[in-house]
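Beneath this line is the structure, given in structure tokens, with notes to follow.
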Amino acid sequence: MERNRWYKDMVFYQIWPRSFKDGNGDGMGDLWGVLEKLDYIKSLGCDGIWFSPIYPSPGADCGYDIANYMDIAPEFGGMEAFRQVLEGVHTRGMKLIMDLVVNHTSDEHEWFEKSRQRVDPYTDYYIWRPAKPNGKLPNNWDSNFEGKAWTWDEVRGEYYLHLFAVKQPDLNMDNPLVREEVKKILRFWLDMGVDGFREDVITYISKKEGLPDDHLFPIYKGMPNYNHGPHIHEYLAEFKRDVLDHYDCFTLAEAPLVWPKRALKYIDEEKGQLDMMIQFQCQCADCLFTDYLPTKFSLRRMKKAFSNWQYKLAGKAWNMLYLENHDHPRILPRYGSERFWKESGKTLAVSYLFQQGTPFLYQGQEIGMLNWKPEDPDMYEDVQTRYNYAHSNLKKSPEVRLQKMWRSSRDSARTPVQWDRTEHAGFTTGEPWFYVNPNYKEINVADEEQDPDSILHFYRKAIALRKSLPVVRHGTYQEHFPLSRKQYVYSRTMKDQKLLVICSFSEKSTKLRIPRGFDMKNATCVLANYPSQTDSLRPYECRVYLWEK
Ligand code: NOJ
């Protein structure tokens, strides 16, 4: 099918459903709530929605443990509500993508129930191994969430592999029947009119033959033996050939530990099997590889990550741009400054919205939501956080251990969206399923709607500007002053249009530096977060200059 790659002109909004908006008063976000807010999402200039999982699930990993791929969970409104949302999205000229989680299922999925009882054809749907004669586990791999990657199943009398939580057994993608199941799932949603998929840890689905021990990797032992495994490209090509190529859809692959060179094997526009990739380097300017190993924020690391992807994908593949999602604490207190909350929230927006690629916003990012800081570790819901809290920094005081979680936990960014100043931030009329950040009276959508200078309105302006300028889609990217520890400056250039983006990441005033060759006399400042422009940059000041022929 001839593709016009419509996703290149879009801006996506990620909905993490349980905390977005409750429409029926049971305290849990749902699709009725989404229906109420479609116009709001559209008003941001977003024309696509990515739903984190909304399928039936026991909720061991907030929906990333799926018990039925072809249904919508009743607590979210079931299929009936979903059809209405899909129609509402399409009548507004928007698109909708689903989360496809096929590295693993829930242990409560029917396939697993049957597999553990060795009922055909499900016997080999998962990765089962007997205990070793010496009583050891089948190999030395770690799960990404909870200790070792193997759990003993009494029913079957074997170990099963789970690269995530104990309740998330890995599927055996080497089994052609499992791949057929994946294709059925893809077709089911595409036939209903869904526009594409975000594919959860898709680079993990092919494990090295023989599942050998790993003696290389210090953390997440085993990763080199299943990330980008031997048959990954073959399986993805099969999904593309048999299903995706027959629809006008797009795919976004989540890929831990991937750099542009490797990414191109997946997303090269001519030879790849997928369209875009969620990379993690942009999240690692203040940590080493994971949020659980935090370091001081380094602007240079952030810039390097951004520019590396911009340069290396140019002309070959398309970038997915993001600052936040449901797997990381909020970006503003990490890369910006709570002291300069409004200024830095806007600068962060500008720092990524004018790069080449398709931007994604995570719910609440557009109002500058901050991290939630519970006073008791028992308040955490997330399986990864609870495990990490129980097993790390054990020699430190309880206060220090808790503070470390504030910086590392995904729950920091999973509190309900703050809609207004009323009880529970207007998220629900019932009892919220999770804690509301107590700062909701200062940070909420309703107040920001009233304030023309808010972060919310700034996002709207920036997105509208981005969409009005062909140079953002087509122009060449160049970073200037890469060694600067205070400023991020980049330009986008094409024949008749040129943009210069200047962002200060300093709490102090800094000198304005203009790269050579930019004639400021003929420039128009088309976006800024201070009312007037001088020849120094104030804290977290940002500006976008435009030249047109
Ligand atoms: C990545 C998802 O984004 C995350 O939320 C989930 O816990 C893991 N994959 C496992 O599915």
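FYI, the numbering just counts along the sequence from 1. Both counts, for ligands and for their atoms, begin at 1 and track the order of listing.
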Worksheet item: Is the NZ atom of Lys265 crowded by more than 12 outside heavy atoms at less than 6.0 Å?
Response: no
Worksheet, complete the sentence: of all protein heavy atoms, closest to atom 6 (C) of ligand 1 is Asp61 OD2, 3.3 Å
Worksheet, complete the sentence: Here the atoms of ligand 1 under 4.0 Å from any heavy atom belonging to Phe164 are 8 (C), 10 (C)
Practice prompt. Would you please determine whether His104 falls within less than 4.0 Å of ligand 1 on a heavy-atom basis?
Written response: yes
Practice prompt. Would you please classify the geometry between the Trp419 ring and the Phe20 ring as parallel, tilted or perpendicular, with 30° and 60° separating the classes?
Written response: perpendicular
Fill in: Any donor-acceptor N or O pair under 3.5 Å, side chains Trp150, Ser143
no
Item to complete: Hey, can you tell me if Tyr122 and Tyr125 have their rings parallel, tilted or perpendicular (30° and 60° cut-offs)?
Response: perpendicular
Practice prompt. Would you please name every residue forming a side-chain contact (heavy atoms from CB on, under 4.5 Å) with Pro121, sequence neighbours left out?
Written response: Leu177
Item to complete: For the pair Phe164 and Phe145, name the ring-plane relationship: parallel under 30°, tilted 30 to 60°, perpendicular over 60°.
Response: perpendicular
Item to complete: Check each atom of ligand 1 against the heavy atoms of His326 and keep those under 4.0 Å away; list them by number with element.
Response: 2 (C), 3 (O), 4 (C), 5 (O)
Fill in: Numbered atoms and elements of ligand 1 in range of Arg410, under 4.0 angstrom, heavy atoms
4 (C), 5 (O), 6 (C), 7 (O)
Practice prompt. Considering the heavy atoms of Arg414, write down every atom of ligand 1 situated less than 4.0 Å from one of them.
Written response: 5 (O)
Worksheet item: Mind checking whether Arg198 has a heavy atom under 4.0 Å from ligand 1?
Response: yes
Worksheet item: Can you find a side-chain donor-acceptor pair between Tyr204 and His104 that sits under 3.5 Å?
Response: no
Item to complete: Would you kindly specify which portion of Gln384 sits under 4.0 Å from ligand 1, judged on non-hydrogen atoms: side chain, backbone, both or neither?
Response: neither
Item to complete: Report the relative orientation of the aromatic rings in His328 and Tyr322; use parallel for angles under 30°, tilted for 30 to 60°, perpendicular for over 60°.
Response: tilted
Worksheet item: Nearest protein heavy atom to atom 1 (C) of ligand 1, by residue and atom, and its distance?
Response: Asp200 OD1, 2.8 Å
Worksheet item: Tyr160 vs His162 aromatic rings, parallel, tilted or perpendicular, using cut-offs 30° and 60°?
Response: tilted
Worksheet, complete the sentence: ligand 1 atoms nearer than 4.0 angstrom to some heavy atom of Glu254 are 1 (C), 3 (O), 9 (N)
Worksheet item: Looking only at protein heavy atoms, which one is nearest to atom 5 (O) of ligand 1, and how far off is it?
Response: Asp327 OD1, 2.7 Å
Worksheet item: Phe145 heavy atoms, cut-off 4.0 Å: which ligand 1 atoms fall inside?
Response: 7 (O)
Worksheet entry | Any His328 heavy atom less than 4.0 Å from ligand 1 | no
